[in-house]
Structures are given as C-alpha cells and as structure tokens.
Amino acid sequence: MGFSEAPRAEDLSKCVHCGLCLNACPTYRELRVEMDSPRGRIYQMVQVSKGAEITDSYREHIDLCLACRGCETACPSGVQYGRLVEAARAEIEQKVKRPLGQRLLRSFVFETLLPSRGWLKIAGAGLAVYQKSGLQRLTRASGILKLMGGLGQAEALAPPMETPFFYRHMGRVFAAQGERKYRVALLAGCIANISFARLNEATVRVLQANHCEVTVHGEQTCCGALHVHSGLKDPARKLARKNIDALLDGGYDAIITNAGGCGSTLKEYGELLEHDERYAERAQRFSALMKDVNEFLASIELNTRMGEVRASVTYQDSCHLAHGQKIRSAPRELLRKIPGLTVREMRLSDLCCGSAGIYNVLHTDMSLQLLEKKMQNVNASGAERIATANPGCMLQLRAGVEKWGSGQRVSHVVEILDEAYRAAN
Ligand code: SF4
Ligand code: SF4
C-alpha cells in the first residue's frame with residue numbers, strides 16, 4: 001500500500017463550520033450531540049490529523065455515522081463528507097489493532113464470505129433451511145430472540161433467502177426483446193445473488209424489454225462497497241480490480257447495477273484505485289461506464305408498452321443514489337410512466353431509513369429509531385406501496401412495515417416496471 005488512508009487536509013479544510021448540515025444528519029437529529037453531527041465529526045478528524053490520539057470515543061462517533069451523505073447534499077461548501085468518513089475509517093483500520101475475535105470475524109465476513117460464491121451459497125443454503133423449515137418461526141415464537149439483545153434484533157433483519165439463487169444465471173447472455181439497441185452487463189452483487197434473486201431476474205427482464213442484450217458475466221464479484229464503508233479499502237481494491245478485468249473490455253454500452261449503495265462505490269473505483277499505476281486509468285473508464293438501472297432507463301427511450309399497476313406508491317430515496325450519485329428524478333420519472341400507478345411523496349424521503357449497509361446489524365438501536373420515524377412518514381403519505389432503489393433499504397423498510405406499517409408492499413422500482421411489462425402481455 002505505502003500511502004496514508006487518512007482524510008486529506010484539502011478535503012477537511014473545505015468545512016467552514018457553518019452548521020447548515022446539522023439538520024440533514026440523522027444521528028444529530030436523534031441525539032442532538034455535536035460530536036455526532038457532520039461538523040462535529042469533521043472537527044474530530046481535524047484534531048486527529050493534527051496528531052490527537054485515536055480514542056475509543058473518536059471511533060464510536062465515526063462508527064455511529066451512517067455514511068448516508070445527507071450532509072453532502074446540504075453542505076454549501078462542497079465538503080465531500082463521504083470521502084472523509086471512508087478515509088477516517090480506513091485510517092482507524094490502519095492504525096488501531098482490533099481485538100483478535102473481531103479481526104477474525106471481520107476477516108471471515110469481508111475477505112472470505114462476501115467475495116466467495118461458494119461460501120455465500122453455503123451460507124444461503126443454511127439460512128434457507130432455517131427460514132423455510134419452520135425453525136425460524138419456532139425460534140421467533142419462543143421469545144428466545146428477545147433475550148439475545150442485539151443478536152436477536154439482527155436476526156429480525158436477516159434477509160430472507162430466495163431460492164433458486166441468482167448464481168444459476170452466471171455466465172449467461174440474455175437476448176434483447178425485439179431490436180438490440182444496447183449491450184449491457186449486469187453486476188448482480190454478492191448477497192443479492194442469494195437474497196434478491198427475483199429482483200435481479202426482474203432487472204434482466206426490464207432491460208431486455210428495453211432492447212438491451214444483458215450479459216451476466218461469470219467472473220464478476222462483490223463490488224466492495226461494504227468493505228469501503230467499513231474502512232477496508234485494500235480488500236475492496238482487490239475486488240475492484242477483479243470486476244474491472246471481468247467487464248471493462250467487454251465492449252458494453254453500460255455496466256448496470258440495481259443497488260444504489262453498490263453503484264456509489266462502483267462509480268468511485270477511479271478514486272479507490274488512483275494510486276494503482278496499472279489500474280488507475282482502467283478504473284476511471286470502468287466508473288464512467290457504471291449506471292444505476294434507474295439512471296440508465298431514464299436516459300433511453302423507455303418502452304411504454306405497459307399494462308396497469310393499480311396502486312398508490314411512495315418513493316423512498318436510497319441515500320447512496322440521492323446523496324452519493326445525485327439521482328433523484330430518474331426513479332420518480334419511471335414510476336410516473338407506469339399506467340394506473342399514483343406517486344405520493346412522503347416527508348423527508350431522502351432521510352436515511354437506518355439500513356446503511358450493515359449499520360442495522362452493528363447499531364440496531366439507532367437504526368430502529370430512524371426506521372420508526374421513516375415509517376411515520378410512509379404511513380402519513382397514505383400510499384399502499386413503497387418503492388425504493390436499493391436492496392438494503394428494501395429489507396429495512398420491510399422490517400419497518402412489519403413493526404409500524406399498515407401492510408404496505410415494498411418493491412424496487414424495476415420490480416414495479418416488470419409488473420407493468422408483464423401486465424401488457
Ligand atoms: S460540512 Fe458543510 S454544511 Fe457542515 S459545517 Fe462544514 S461547511 Fe457547513
Ligand atoms: S453521512 Fe449521514 S450520518 Fe454521517 S454525518 Fe453525514 S448526514 Fe450524518
């Protein structure tokens with residue numbers, strides 16, 4: 001590696017401490033603690049950059065940040081907070097040794113499980129048996145989860161497994177419907193292959209219906225977003241190189257993701273690999289080809305041969321799509337083109353729902369606090385359905401509907417488009 005991962009002085013110095021970001025920050029809104037606001041966190045990063053020790057308290061305030069980047073949208077001075085918090089976490093990883101147990105667990109999850117198709121299949125199969133055999137129902141009914149504290153709450157948020165897994169489509173090329181106008185590659189994610197297999201299939205169908213030949217390249221891997229958010233930049237770089245090698249030279253018009261969180265990192269591969277002589281330029285080109293599926297569909301002439309989807313829907317912005325990639329209108333435009341569908345805006349649709357990668361597992365209390373508020377706004381919109389553009393948000397919102405909702409159905413935007421296309425046939 002040979003270079004410091006620490007936040008850069010020129011990025012830190014952009015903050016003029018005006019405080020205009022405070023109200024956009026979910027953790028500050030909940031706690032009203034300056035050190036849990038963007039401005040307070042930047043202040044602490046500056047102190048560390050001047051030689052202050054990395055204390056447990058510093059780590060806690062940085063860890064409690066959702067990396068939702070709501071503050072970036074609110075900031076008039078152009079502070080790139082996402083870059084700062086990722087750098088702060090990477091610096092902590094570089095300088096502070098975690099206890100052995102934590103190191104082993106993190107190494108297994110981030111370096112073995114997530115990048116490995118084999119391990120994910122095993123984990124997925126085990127969870128599928130737990131969830132579908134009745135064992136999960138029994139465990140939940142027994143009340144034992146309540147005694148397990150955070151672990152019990154995390155169990156409630158574990159994604160349901162969707163068999164057959166999407167892995168069966170790896171290496172396949174799906175023909176465009178009608179004339180082929182575009183050749184695209186789909187990045188299918190890591191956990192999404194076992195827990196959002198139907199969403200990935202719907203994404204392929206919607207792209208096919210829009211004259212795309214869709215390649216699901218067999219050599220693709222996890223995008224590394226969870227790694228970057230956890231400060232593990234080197235393992236993320238390994239994954240980035242693998243995806244670049246697999247997809248960059250395929251001659252695709254676009255590389256597509258249906259996950260707002262992944263898209264944000266994939267579009268920043270250029271930055272992630274800027275010190276890598278062999279990959280810096282290739283990473284820039286890769287990022288330029290990356291498109292969120294909403295962004296791509298809104299940029300082409302959309303096939304409007306759709307049947308009706310009679311329902312009202314409210315759109316929950318995925319933080320990394322709205323604040324990270326600045327994509328807000330594309331998903332709303334697509335929803336508005338679906339016949340029979342009424343779009344109802346909710347209050348604070350771009351305030352984080354508390355999902356934030358694995359945040360809901362690591363900081364379950366804060367995550368649930370945010371989710372409860374989110375559900376109040378969803379309920380007030382009166383919509384029967386919730387649409388969003390990131391699998392993590394879908395899981396979180398489903399848990400929210402179960403706890404505080406009124407039976408709203410949670411879908412990805414492309415799943416509703418898929419329904420409309422199917423209704424036309
Ligand atoms: S991050 Fe931006 S909005 Fe927040 S205090 Fe600094 S300059 Fe102001
Ligand atoms: S990224 Fe989100 S949680 Fe973190 S400081 Fe910014 S607004 Fe607050």
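As the structure is a prediction and not an experimental result, all values here were calculated from the model. For ligands, and for the atoms within them, numbers begin at 1 and follow the listed sequence.
The ligand atoms of ligand 2 that sit less than 4.0 angstrom from a heavy atom of C25 are 3 (S), 5 (S), 7 (S), 8 (Fe). Residue contact check: A67 has heavy atoms under 4.0 Å from atoms 1 (S), 4 (Fe) of ligand 2. Residue-ligand proximity, R41 to ligand 2, at heavy-atom distances under 4.0 Å covers atoms 3 (S), 4 (Fe), 5 (S), 8 (Fe). Taking a cut-off of under 4.0 Å to the non-hydrogen atoms of P38, the atoms of ligand 2 that pass are 5 (S). Counting atoms of ligand 1 from 1 in the listed order, those under 4.0 Å from a heavy atom of H17 are 5 (S), 6 (Fe). Counting atoms of ligand 2 from 1 in the listed order, those under 4.0 Å from a heavy atom of R69 are 1 (S), 2 (Fe). Atoms of ligand 1 found under 4.0 Å from any heavy atom of S77, numbered from 1 in the order shown, are 7 (S). If you number the atoms of ligand 1 from 1 as listed, the ones under 4.0 Å from a heavy atom of R39 come out as 5 (S). The G19 neighbourhood of ligand 1 comprises atoms 5 (S), 8 (Fe), with distances under 4.0 Å to a heavy atom of that residue.
Atom 3 (S) of ligand 2 has its closest protein heavy atom at L66 N, 3.4 Å. Looking only at protein heavy atoms, the nearest one to atom 2 (Fe) of ligand 1 is C75 SG, 2.3 Å. Nearest protein heavy-atom neighbour of atom 4 (Fe) of ligand 2: C65 SG, 2.3 Å. Closest protein heavy atom to atom 8 (Fe) of ligand 1: C18 SG, 2.3 Å. The protein heavy atom nearest to atom 7 (S) of ligand 1 is V16 N, 3.3 Å.
Using a cutoff of 4.0 Å between basic side-chain nitrogens and carboxylate oxygens, E268 and R69 are scored as salt-bridged. Salt-bridge check for E34 with R39: passed, with a basic side-chain N closer than 4.0 Å to an acidic carboxylate O. Under the 4.0 Å criterion applied to side-chain N and carboxylate O atoms, K373 and E30 are assigned as salt-bridge partners.
A salt bridge (charged side-chain N to carboxylate O under 4.0 Å, His left out) with R409 is found for one member of E415, E384, E419 and no other, namely E419.
Note: H320 and H229 have parallel aromatic rings, judged against thresholds of 30 and 60 degrees for the angle between ring planes.
At least one N/O/S atom of C71, from backbone or side chain, sits under 2.8 Å from atom 6 (Fe) of ligand 2. For C15, every N, O or S atom stays at 2.8 Å or more from atom 8 (Fe) of ligand 1.
Formation of a donor-acceptor pair under 3.5 Å by the S367 side chain with backbone atoms of H363 is not found in this model. Judged purely by atom type and a 3.5 angstrom limit, K374 uses its side chain to pair as donor or acceptor with the backbone of L351. With hydrogens and angles ignored, the 3.5 Å screen pairs no side-chain donor or acceptor of D418 with any backbone N or O of V414.
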> Could you go step by step and tell me if R237 and E5 meet the salt bridge (Lys or Arg N to Asp or Glu O under 4.0 Å) rule?
Replying inline: CA-CA 13 Å; R237 289 183 180 108; E5 302 275 21; 2.9 Å; yes
> Going through the checks in order, is the salt bridge (Lys or Arg N to Asp or Glu O under 4.0 Å) test met by R198 and E201?
Replying inline: CA-CA 5 Å; R198 305 294 83 77; E201 286 168 358; 2.9 Å; yes
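Neither the backbone nor the side chain of Y28 comes within 4.0 Å of ligand 2, counting heavy atoms alone. At a 4.0 Å heavy-atom cut-off, ligand 2 does not touch C21 at all.
In this structure, NE2 on H412 lies 10.0 Å from CG on L417, to the nearest 0.5 angstrom.
In this structure, P76 counts as a contact residue of ligand 1, since one of its heavy atoms falls inside 4.0 Å of the ligand.
Of the N and O atoms on the side chains of Q408 and S406, at least one donor lies less than 3.5 Å from an acceptor on the other residue.
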